[in-house]
Structures are given as C-alpha cells and as structure tokens.
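Below is one structure, written out as structure tokens; the observations come after it.
Source: prediction; values computed, not measured.
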Amino acid sequence: MAMPNKPLHLQSIHLRSRTEFIWHQLRYTAIGLGFMAISLGVGILGYHFLGQITWINSLLNASMILSGMGPVSGLHGTVAKLFASAYALYSGIVYLAVSAVLLYPIVMRLLKILHLQALNTVSNDAHTKPNVNVDDE
C-alpha cells in the first residue's frame with residue numbers, strides 16, 4: 001500500500017454519518033456481547049462439571065465472577081478451586097477487554113470530531129487577518 005504524499009495532519013478525515021456510526025456501534029456491541037456469552041458459557045460448564053454444583057448455581061457463580069462481584073456458592077475440591085481462581089483472573093481481563101470494545105467506536109468518533117474542529121480552526125486562523133487595534137493619540 002502506497003503512503004500518501006500529504007502530511008498526516010492534512011489528510012482527509014472521514015466522519016461517519018449518524019446512521020453509519022450507530023451500525024458500527026451495534027457491530028462492536030454484538031462482538032462484545034458474543035465474547036461475554038462465550039465466557040459465561042465456559043464459566044457455567046466449568047462450575048457445573050468441575051465444581052459439581054447445579055446448573056442454576058453454576059450460572060449464578062459464573063455471572064457474579066464475570067461481573068466482578070464474587071462467587072456465591074462454596075467450592076469443594078482442588079480442581080474446582082483452581083478452576084474458580086483461573087476463571088476469576090480471566091474474567092477480570094474479559095471485563096476490561098469488553099469495555100474497550102464497547103467504548104472504541106465512541107472514543108474514535110469523539111477524537112475525529114475534535115480533530116476536524118482543530119483542522120477547521122487552524123485553516124480559519126490562517127485565512128483571517130489579525131485584529132490590530134491602533135490607539136489614536
């Protein structure tokens with residue numbers, strides 16, 4: 001891919017229309033929710049089969065850990081406790097990653113708007129003459 005000849009600050013910036021932005025945000029939201037659903041499923045299966053607790057308690061434990069609240073049911077056995085520890089660490093990373101995925105389109109739109117305003121301000125300032133007040137003495 002060839003590099004553009006213009007400096008970076010003079011390259012055109014495309015701001016999506018409101019409709020395009022909403023669809024873009026919905027795609028990223030779907031990706032984030034899908035990742036959360038897969039993570040929740042892994043937690044449910046792990047708590048059910050390794051922790052040997054009921055499906056509903058597995059759902060409750062996985063949901064609470066994934067949201068950062070903490071476990072509800074006590075676990076017995078080394079394997080179950082090792083899974084719970086690994087899942088808790090994993091859930092902390094998932095929380096941060098999904099937050100970043102959900103905020104990315106919003107932050108990028110805000111930065112583009114600010115960049116366009118800055119470019120507009122610079123181009124307007126370059127074409128206006130300075131306002132000089134001369135005092136008559």
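Minimum interatomic distance between S17 and R109 (heavy atoms only, all atoms of both residues): O-NH1, 4.0 Å. Counting all heavy atoms, side chain and backbone alike, S73 lies closest to I53 at CB-CD1, 4.3 Å. Looking at every heavy atom in both residues, L102 comes nearest to T29 through CD2-CA, 3.5 Å.
Under the 4.5 Å side-chain heavy-atom criterion for Ile, Leu, Val, Met, Phe, Trp and Tyr, M36 and Y104 are members of distinct hydrophobic clusters. One hydrophobic cluster holds both L45 and L50 under the rule that ILVMFWY side chains link at heavy-atom gaps under 4.5 Å. Transitive grouping of hydrophobic side chains (ILVMFWY, heavy atoms separated by less than 4.5 Å) keeps L33 and I65 in distinct clusters.
The environment of CG in L96 is crowded: more than 12 heavy-atom neighbours from other residues, nucleotides or ligands sit within 6.0 Å.
Contact of the Y47 side chain with the V42 side chain is not registered, since no non-hydrogen atoms from C-beta on lie closer than 4.5 Å. Between L59 and L40 the shortest side-chain heavy-atom distance falls below 4.5 Å. Between L103 and Y28 the shortest side-chain heavy-atom distance does not fall below 4.5 Å.
Looking at R16, its side chain never comes within 3.5 Å of a backbone N or O of W23 through a donor-acceptor pair.
When each of L114, V107, I106 is checked for a side-chain contact (heavy atoms from CB on, under 4.5 Å) with L110, only L114 meets the rule.
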Checklist entry - Stepwise, does the side chain to side chain contact (heavy atoms under 4.5 Å, CB included) test hold for I44 with F49? => result CA-CA 9 Å; I44 292 169; F49 290 113; over 6 Å; no
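Cluster partners of M64 are L60, M69, V72, counting Ile, Leu, Val, Met, Phe, Trp and Tyr whose side-chain heavy atoms approach within less than 4.5 Å, directly or via other members.
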Going by atom type alone, with no hydrogens or angles, which donor-acceptor pairs under 3.5 Å involve a side-chain atom of residues 80-95 and a protein atom two or more places apart or on another chain?
{"residue": "Y87", "atom": "OH", "partner": "S39", "partner atom": "O", "Å": "3.0"}
{"residue": "Y90", "atom": "OH", "partner": "S39", "partner atom": "OG", "Å": "2.7"}
{"residue": "S91", "atom": "OG", "partner": "Y87", "partner atom": "O", "Å": "2.7"}

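In this structure, CE on M108 lies 11.0 Å from NE2 on H115, to the nearest 0.5 angstrom. L75 CG to Q52 CD: the interatomic distance, rounded to the nearest 0.5 Å, is 10.5 Å.
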